[in-house]
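Report on the following structure.
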Amino acid sequence: MQKLWKTLATIAVIVLLYLSVSPVSEHYLPKLPWVIVFVLALTYGISLIFSSEIALPRRLAISYLVFTGFVYLVAGVLGLVPNGDLIEASAWNSLISPYLLISFFDQWVHDFPSTIARAPYETLPMSKHHLFSAVVVILSTVAILAAFGMAKAYRVAYSAWLVLLGLLTVGLVGYVIVAFVSWGLKDAIIPLCWEASYIAAYVTARHGVELRPLSFAPGNVTSKFTN
């Protein structure tokens, strides 16, 4: 019953965030505080899925990684939806896009050094990019499944997220480079904050956990996400 009330309270907060007359809606709150409250509310809501036997900091960290995977999944799916280009571009402007580094190297190879500072760097392919979106969908699905596996302390789940963090770090390099040569350092702040939050969540979820191998033996299959 207590979990039900917490779930209803979380839903109420999310509704208030989108209700135009609410004091915490986009109409009253600046964008940054609104985003923080939104992320915290969804993260807490996801944490209610997991067993209370898992320590709260670890439970919240894992839930945040689930949320992260879901956000990237939405961005990838938008790339597969017809006429979803503008929404997709808006989504990637708020995330760490791995394509920006590719865009930089493409400009560097073809136009360096004459137009490198004024080159139109992009966070996603401008033409047909279904392959890019499909890869994002696959990786984000892995991220979600791995985050759930982290709640079971599976070694492979932590290894998967460590690889994903490496890929996100490589993507972040693109923002840092382009920030220096063209956009300005302020445009690297949000990606740096996202990366720092992902790493912090991973470290918190990993702290003090004794990892175990993935097993599909009947005696090891349970329906609860416990240690």
Side-chain angles (χ1 to χ4, degrees), residues 3 6 10 13 32-76 91-92 94-98 100-101 123 135-177 179 185-215 220 222 224-227:
K3 181 171 287 190
K6 290 179 179 179
T10 302
V13 170
L32 181 58
W34 187 93
V35 170
I36 292 174
V37 174
F38 176 76
V39 172
L40 289 175
L42 278 183
T43 297
Y44 181 76
I46 294 171
S47 74
L48 297 175
I49 298 173
F50 300 104
S51 170
S52 58
E53 295 179 14
I54 302 176
L56 181 59
R58 180 169 172 247
R59 194 162 73 241
L60 291 173
I62 292 171
S63 301
Y64 178 67
L65 294 179
V66 172
F67 168 77
T68 299
F70 180 74
V71 169
Y72 280 88
L73 176 63
V74 170
W92 280 114
S94 302
L95 299 173
I96 300 176
S97 171
L100 185 61
L101 186 60
T123 55
V135 170
V136 171
V137 168
I138 293 171
L139 291 179
S140 56
T141 301
V142 170
I144 295 171
L145 294 176
F148 276 98
M150 291 166 77
K152 301 279 286 181
Y154 288 139
R155 185 181 301 276
V156 66
Y158 281 90
S159 298
W161 250 103
L162 193 59
V163 172
L164 291 169
L165 284 175
L167 294 175
L168 286 168
T169 301
V170 172
L172 178 64
V173 170
Y175 285 84
V176 175
I177 293 174
L185 294 178
K186 62 180 179 63
D187 289 303
I189 293 176
I190 292 179
L192 282 168
C193 290
W194 282 130
E195 180 74 6
S197 71
Y198 303 153
I199 294 173
Y202 178 86
V203 171
T204 303
R206 177 66 180 84
H207 180 69
V209 177
E210 184 177 350
L211 301 182
R212 57 195 182 93
L214 181 64
S215 174
N220 291 328
T222 61
K224 292 178 68 178
F225 292 98
T226 60
N227 286 323

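- For the pairing with W161, the side chain to side chain contact (heavy atoms under 4.5 Å, CB included) check across I62, V156, T68 returns one residue only, T68.
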Problem set entry | Test log, rule side-chain contact (heavy atoms from CB on, under 4.5 Å), inputs M150 and R206 | CA-CA 8 Å; M150 291 166 77; R206 177 66 180 84; over 6 Å; no
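- Between A205 and Y158 the shortest heavy-atom distance is O-OH, 2.7 Å.
- For the atom pair CG of L172 and CG of L192, the computed distance is 5.0 Å after rounding to the nearest 0.5 Å.
- Looking at every heavy atom in both residues, A179 comes nearest to A188 through CB-CB, 3.8 Å.
- Between I96 and L168, the closest heavy-atom pair is CG2-O, 3.7 Å.
- When only modelled atom types and interatomic distance are considered, S197 and Y64 share a side-chain donor-acceptor pair under 3.5 Å.
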Problem set entry | side-chain contact (heavy atoms from CB on, under 4.5 Å) assessment of D187 paired with Y175 | CA-CA 8 Å; D187 289 303; Y175 285 84; over 6 Å; no
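- For the atom pair OG (S159) and CG (L211), the distance works out to 7.5 Å, reported to the nearest 0.5 Å.
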Problem set entry | Evaluation steps, side-chain contact (heavy atoms from CB on, under 4.5 Å), between V137 and T141 | CA-CA 6 Å; V137 168; T141 301; 4.2 Å; yes
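- Aromatic ring orientation, F148 versus F50: tilted (interplanar angle from 30° to 60°).
- Atom-to-atom distance recorded for S140:OG and L164:CG is 9.5 Å, nearest 0.5 angstrom.
- Distance check, rounded to the nearest 0.5 Å: CD1 of I199 to OG1 of T169 gives 5.0 Å.
- Here CG of L167 is found 10.0 Å from CG of L162. Values are rounded to the nearest 0.5 Å.
- When all heavy atoms of R59 and S51 are compared, the pair lying nearest together is CD-O, 3.5 Å.
- For the atom pair CG of L95 and CG of L100, the computed distance is 12.5 Å after rounding to the nearest 0.5 Å.
- For the pair P98 and W92, the minimum side-chain heavy-atom distance is below 4.5 Å.
- The shortest non-hydrogen separation linking S94 to W194 is O-NE1, 2.8 Å.
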For this session: Apply the test side-chain contact (heavy atoms from CB on, under 4.5 Å) to residues F67 and L40: give CA-CA distance (whole Å), side-chain angles for both, the deciding distance (0.1 Å), then the verdict.
Result: CA-CA 10 Å; F67 168 77; L40 289 175; over 6 Å; no
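- In I144, the CD1 atom is crowded: over 12 heavy atoms of neighbouring residues, nucleotides or ligands sit closer than 6.0 Å.
- Residue V136 comes nearest to G76 through the heavy atom pair CG1-CA, 3.8 Å, listed as atom of the first residue, atom of the second, then distance.
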